[in-house]
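First comes the structure, then the notes that go with it.
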Number of protein chains: 2
Amino acid sequence: MAFTERSRAAREGILAAARRRFTEGGYERTTIRMVAADAGLDPSMVIRYYGSKDGLFSAAVDVDLRLPDVAGVPPDELGWILARHFVDLWESDFGRETLLILLRSAASHPAAAERVRTVFTDQVIPLVRKATGDVADADVRAALLSTHLLGTVLCRYILQLPPVVDADTLVASLAVLMQHILTGSLAEDQS
Amino acid sequence: MAFTERSRAAREGILAAARRRFTEGGYERTTIRMVAADAGLDPSMVIRYYGSKDGLFSAAVDVDLRLPDVAGVPPDELGWILARHFVDLWESDFGRETLLILLRSAASHPAAAERVRTVFTDQVIPLVRKATGDVADADVRAALLSTHLLGTVLCRYILQLPPVVDADTLVASLAVLMQHILTGSLAEDQS
DNA sequence: GTCTATAATTCGATAGAC
DNA sequence: GTCTATCGAATTATAGAC
């Protein structure tokens with residue numbers, strides 16, 4: 001960091017406020033003035049510490065999905081374990097900011113979309129390759145997995161589509177579908 | 001309509017330009033000036049015909065999924081038929097504007113999110129109820145169906161997550177998953 | 001019906017006093 | 001390190017000439 005220890009509280013306060021605002025309203029609807037007001041500081045301080053609004057966004061977006069190691073997991077338990085992990089993640093404060101902050105902005109902010117692609121390539125694809133034993137269509141299965149996961153975040157937390165089921169019910173249906181996506185057939189027949 | 005026939009071309013030109021812009025950049029990144037420039041008119045005309053930016057958005061967003069009638073369809077063909085329908089819809093110019101225009105804005109614009117909920121309630125739920133013979137968990141299945149469909153639009157057309165598969169491959173995997181969501185088990189076991 | 005001109009805000013970002 | 005003051009640009013929206 002290029003700043004002294006004395007300003008640490010201010011910098012962290014700005015970052016925390018920024019994460020909340022970006023999570024809630026996305027990139028475009030979040031203003032530097034809002035963030036500064038939340039942090040109890042002057043807007044010029046935000047620029048001083050993070051250079052620009054884009055710089056602030058980059059600093060606020062640091063997504064680690066904290067994916068579990070699936071090395072020794074039996075193949076038919078993958079769906080349940082991952083479903084449990086993601087729902088736990090989303091229902092925590094950390095997870096809410098971690099994924100919503102990106103998804104809320106990605107639809108209209110190119111830099112955020114690029115960041116999602118990076119998370120997918122660096123975190124999801126390696127997981128699926130390891131989980132499936134690196135089958136030929138692992139990348140396609142990873143994409144389908146991400147499709148349903150991001151779709152769930154979108155429908156449940158952003159669009160708030162009815163019916164809103166409880167977390168355990170969500171885990172159950174998610175586990176079934178993720179299991180199918182990871183180890184089931186992806187062409188014709190089979191219910 | 002409250003305006004004369006003489007301005008019809010202008011009004012339609014504005015609306016067409018607005019749909020393209022809202023589709024491409026979402027609500028926040030689209031300005032009345034852009035729309036007016038595309039339509040070859042003055043920005044004040046946009047206000048005159050549509051009242052405000054929100055009024056223009058409302059006029060531009062009129063989503064009809066054109067869902068097929070599934071009354072006589074054999075249950076085990078539902079997935080394939082719906083998958084084919086949606087991919088054909090998305091790959092057409094009409095479909096691109098129909099769904100992208102909403103989804104691009106829904107993540108950060110509350111009014112757009114509300115519109116998506118309406119489309120879900122009025123079009124998707126009735127379809128799934130009819131398709132499944134109105135089973136007890138039809139609404140949950142409708143939500144899961146929407147989750148995967150919106151996830152697909154998000155990942156494929158907005159985030160452009162790799163790998164980008166061709167339309168036929170997309171239909172195949174989509175058909176399998178939609179079939180499972182509509183008629184498969186949603187709890188435990190079964191691959 | 002269309003455009004010019006402009007009002008009224010709001011934004012991101014900068015300069016400089018303390 | 002923090003804040004006051006402000007610039008310059010962009011936005012939505014309006015008033016009125018033609």
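Note: hydrogens, waters and symmetry copies are ignored here, and every other heavy atom, side chains too, is used. So that the names make sense, note that chain A is the first sequence line, chain B the second, and so on, each numbered from 1.
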**Q.** Proximity to the side chain of B/Ala10 - top-ranked nucleotide from C/dA13, C/dT4, C/dT2
**A.** C/dT2
Q: Quickly work out the B/Asp54 CG to D/dT11 C1' distance and round it to whole Å.
A: 14 Å
Distances under 3.5 Å between nitrogen or oxygen atoms of protein and nucleotides 16-18 of chain C:
none

Taking only N/O atoms, report every protein-nucleotides 6-11 of chain C pair under 3.5 Å with atom names and distance.
none

Q.
Using 30° and 60° as the class boundaries, would you call the ring planes of B/Phe3 and B/Tyr49 parallel, tilted or perpendicular?
A. perpendicular
Q | Integer-rounded Å distance: D/dT2 C1' and A/Tyr50 OH | A | 16 Å
Q.
Measure CD1/A/Ile14 against C1'/D/dG1 and give the value in whole Å, please.
A. 11 Å
Q.
What is the distance, to the nearest angstrom, from the CD1 atom on B/Ile47 to the P atom on D/dA15?
A. 12 Å
**Q.** Closest to side chain of B/Leu41, choosing from C/dC3, D/dT2, C/dG1
**A.** C/dC3
Q | Path from B/Met34 to B/Leu15 over hydrophobic side-chain contacts below 4.5 Å | A | no
(Q) At less than 4.0 Å, is any side-chain N or O atom of B/Arg48 found next to OP1 or OP2 of C/dT2? Yes or no. (A) no
Q.
Rounding to an integer number of Å, can you tell me how far B/Arg29 CZ sits from C/dG12 C1'?
A. 15 Å
Q. Are B/Asp168 and B/Arg84 within salt-bridge range, i.e. N to O under 4.0 Å?
A. yes
Q.
Going by side-chain hydrogen bond (donor to acceptor under 3.5 Å, both in side chains), name the residues that satisfy it together with A/Asp166, two or more places apart in sequence or in a different chain.
A. A/Thr169
Q.
Can you work out whether B/Pro43 or B/Arg6 has the more 5'-proximal nearest nucleotide on DNA chain C?
A. B/Arg6
Q: May I have the distance from B/Arg11 (atom CZ) to C/dG1 (atom C1'), rounded to whole angstrom?
A: 11 Å
(Q) Once side-chain hydrogen bond (donor to acceptor under 3.5 Å, both in side chains) is applied, do any residues pair with A/Gln160, and if so which ones, sequence neighbours excluded? (A) none
Q: Please tell me which of the listed nucleotides, C/dA13, C/dT2, D/dC3, lies nearest to the side chain of B/Met45?
A: C/dT2
Q) Taking only residues two or more places apart in sequence or in another chain, which ones pass side-chain hydrogen bond (donor to acceptor under 3.5 Å, both in side chains) with B/Tyr157? A) B/Glu91
Q.
Going by the rule side-chain hydrogen bond (donor to acceptor under 3.5 Å, both in side chains), which residues pair with B/His148 if we only count those two or more places apart in sequence or in a different chain?
A. A/His148
Q) CG of A/Asp69: more than 12 outside heavy atoms within 6.0 angstrom? A) yes
Q) Mind checking whether A/Phe57 and A/Phe22 have parallel, tilted or perpendicular rings, split at 30° and 60°? A) perpendicular
